[in-house]
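What follows is one structure encoded as structure tokens, with my remarks underneath.
Both backbone and side-chain heavy atoms feed into the values below; hydrogens, waters and symmetry mates do not. Here is the naming used below: chain letters follow the sequence lines, and residue numbers restart at 1 for every chain.
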Amino acid sequence: PQDRVHLHGPSRDHDSRSPSDSISLPPSAFAAVPTLSVYRKSPRPCPNQALVDELAVLRSWRFLQHGTGAPESISYATAISAIIGAPKIDNVEQARKLHKVGPKLLIKIDEFLTTGKIAESEETRNSAKFKALDEMTSVYGVGQKTAVELYENGIRSLEQMRALDRWPIGFKYQEDMQIKMSRADCESVANFIRIQLDRVEPGAHTVLLGGYRRGKTHSSDIDLLCTYPHEEGKEKGILSRLLYRLLAKGLIPEDGVLWSSSFASHNVAPERASTRSFDSLDKAFVIFRHPANGITRKRDYFRRVDIIITAWSTFGSAVVGWTGSTQFERDLRQVAEKKGYKFEAGGLFDKQTGVRIPTLTEKDVFRALDIPWL
DNA sequence: GGGCAATACG
DNA sequence: CGTA
DNA sequence: GCCC
């Protein structure tokens with residue numbers, strides 16, 4: 001998720017470079033780059049794409065060493081995000097004006113501007129430990145902590161991990177889950193699910209979110225948001241019916257429901273079920289079997305799909321919350337907090353009263369928080 | 001020196 | 001702790 | 001690592 005690049009409209013991730021980018025801008029233009037990602041565009045590729053690619057290695061390295069939530073990691077993520085939102089950098093004085101880019105980053109940027117690369121990035125890419133941790137965390141259920149622990153115990157490869165027999169599901173579908181999906185693949189998977197959804201709840205509506213919506217050409221998973229337009233409450237129960245149907249049709253393997261709020265509530269104590277925050281969205285993380293079509297798919301492929309259900313009245317919040325990127329969500333919450341709101345994918349709330357502001361559309365969220373639509 | 005987004009749940 |  |  002950290003590779004997600006944020007943007008605002010559905011066309012947010014398109015190349016927005018222009019001929020004027022070849023002209024060197026005054027440092028003041030860089031000081032004008034907004035501090036938070038919600039106030040700037042994030043084109044991809046961006047004008048500083050080669051630099052970003054180099055710095056991204058160091059960001060990954062920090063993620064693997066300290067976790068994505070560690071300050072060392074967040075500082076790199078925010079700095080890279082700022083660079084993504086900046087015009088073409090061709091001297092250090094410009095970079096110096098960017099918010100969130102400090103002395104340490106400037107040294108790296110300077111090196112890149114003079115040599116065209118960053119030595120530490122290259123070393124990191126080739127380091128055995130980096131490669132081992134990177135590979136180990138690719139297994140579903142294995143995060144940074146576990147990978148570091150495994151490494152300390154001498155584990156270095158997927159083969160060694162497999163022998164431990166601790167992640168049966170992770171390894172069962174590991175191979176397919178490494179293969180990224182094209183946008184056409186994402187759309188095809190979504191359409192398979194829509195057909196079944198229409199059988200259990202005609203009139204229900206779905207949209208593809210996540211990296212796909214941000215314009216990524218390839219995705220490692222699919223985020224599918226489902227609602228029932230204009231009829232509050234009619235979305236209730238959709239998830240379990242849909243899951244049962246997908247299971248019955250073999251579109252989800254028997255062991256393919258990795259997690260589901262809906263299914264869980266079956267064997268859950270009633271009081272526990274009602275304890276659930278009434279705003280939290282129903283969701284299921286599944287393995288979807290994408291049937292072969294004999295043309296673009298010679299065989300079935302197993303894909304990670306997240307299915308999320310939202311009430312119509314909070315559809316906008318759900319769209320914003322499940323589109324990302326990670327950085328965008330962080331910055332959005334900061335803005336909400338500062339303006340007396342609390343934002344979650346389940347809704348936008350007044351911090352004082354706890355009252356939920358209706359957010360039928362994505363623009364309702366932006367409007368309430370006074371964030372421009374870029 | 002404190003803060004960095006946020007939270008439900010298995 | 002891991003996942004979203 | 002960067003900002004307040």
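For A:T146, taking side-chain heavy atoms from C-beta onward, the closest of the listed nucleotides C:dC1, D:dC2, B:dA5 is C:dC1. The side chain of A:T326 approaches B:dA5 more closely than any other nucleotide in the set B:dA5, D:dG1, C:dA4. With distances taken from any side-chain atom of A:L105 to the nucleotides C:dA4, D:dC2, B:dA5, the minimum falls on D:dC2. The side chain of A:K145 lies closest to C:dG2 when the candidates are C:dG2, C:dT3, D:dG1.
As rounded to whole Å, 17 Å separates atom P of B:dG10 from atom CD1 of A:I169. Remark: P of B:dT7 and CZ of A:R333 are 8 Å apart, rounded to the nearest angstrom. As a whole-Å value, the separation of A:R330 CZ from B:dG3 C1' is 13 Å. Note: NZ (A:K283) to P (B:dC9) measures 8 Å, nearest angstrom. Rounded to whole angstrom, the span from the CG atom of A:L225 across to the P atom of C:dA4 amounts to 17 Å. At whole-Å resolution of the value, CD1 in A:I308 and P in C:dT3 are 17 Å apart. One can place CG of A:L258 at 11 Å from C1' of C:dA4, the figure rounded to the nearest angstrom. One interatomic measurement links the two molecules: CD of A:E329 to P of B:dA5, which rounds to 12 Å at whole-angstrom precision.
For the pair A:K363 and A:W373, the cation-pi test (distance below 6.0 Å, angle within 45°) is passed.
Residue contacts for A:L332: at a heavy-atom cut-off of 4.0 Å it reaches no nucleic acid atom on any strand shown. Within 4.0 Å (heavy atoms only), A:V305 reaches no atom of the nucleic acid at all. Nucleic acid contact class of A:Y140 (heavy atoms, under 4.0 Å, all strands): sugar-phosphate only.
A close approach under 4.0 Å does occur between a side-chain nitrogen or oxygen of A:K342 and OP1 or OP2 of B:dT7. Of the side-chain N and O atoms in A:R59, none sit less than 4.0 angstrom from OP1 or OP2 of D:dG1.
Salt-bridge formation is not detected for the pair A:D134/A:K131: no Lys NZ or Arg NE/NH1/NH2 atom is positioned less than 4.0 Å from an Asp or Glu carboxylate oxygen. Note on A:R241 versus A:E201: salt bridge recorded, some NZ/NE/NH1/NH2 to OD/OE distance being below 4.0 Å. Taking the charged nitrogens against the carboxylate oxygens, A:K97 and A:E93 have no contact shorter than 4.0 Å, which rules out a salt bridge.
Paired with A:D176 under the rule salt bridge (charged side-chain N to carboxylate O under 4.0 Å, His left out), one option of A:R303, A:R299, A:R289 passes, and it is A:R299.
Taking atom P in both B:dT7 and B:dG3, one finds a spacing of 16 Å when rounded to whole Å. The C1' atoms of B:dA8 and D:dG1 are separated by 30 Å, rounded to the nearest whole Å. A distance of about 24 Å separates the P atoms of C:dA4 and B:dC4, rounded to the whole Å.
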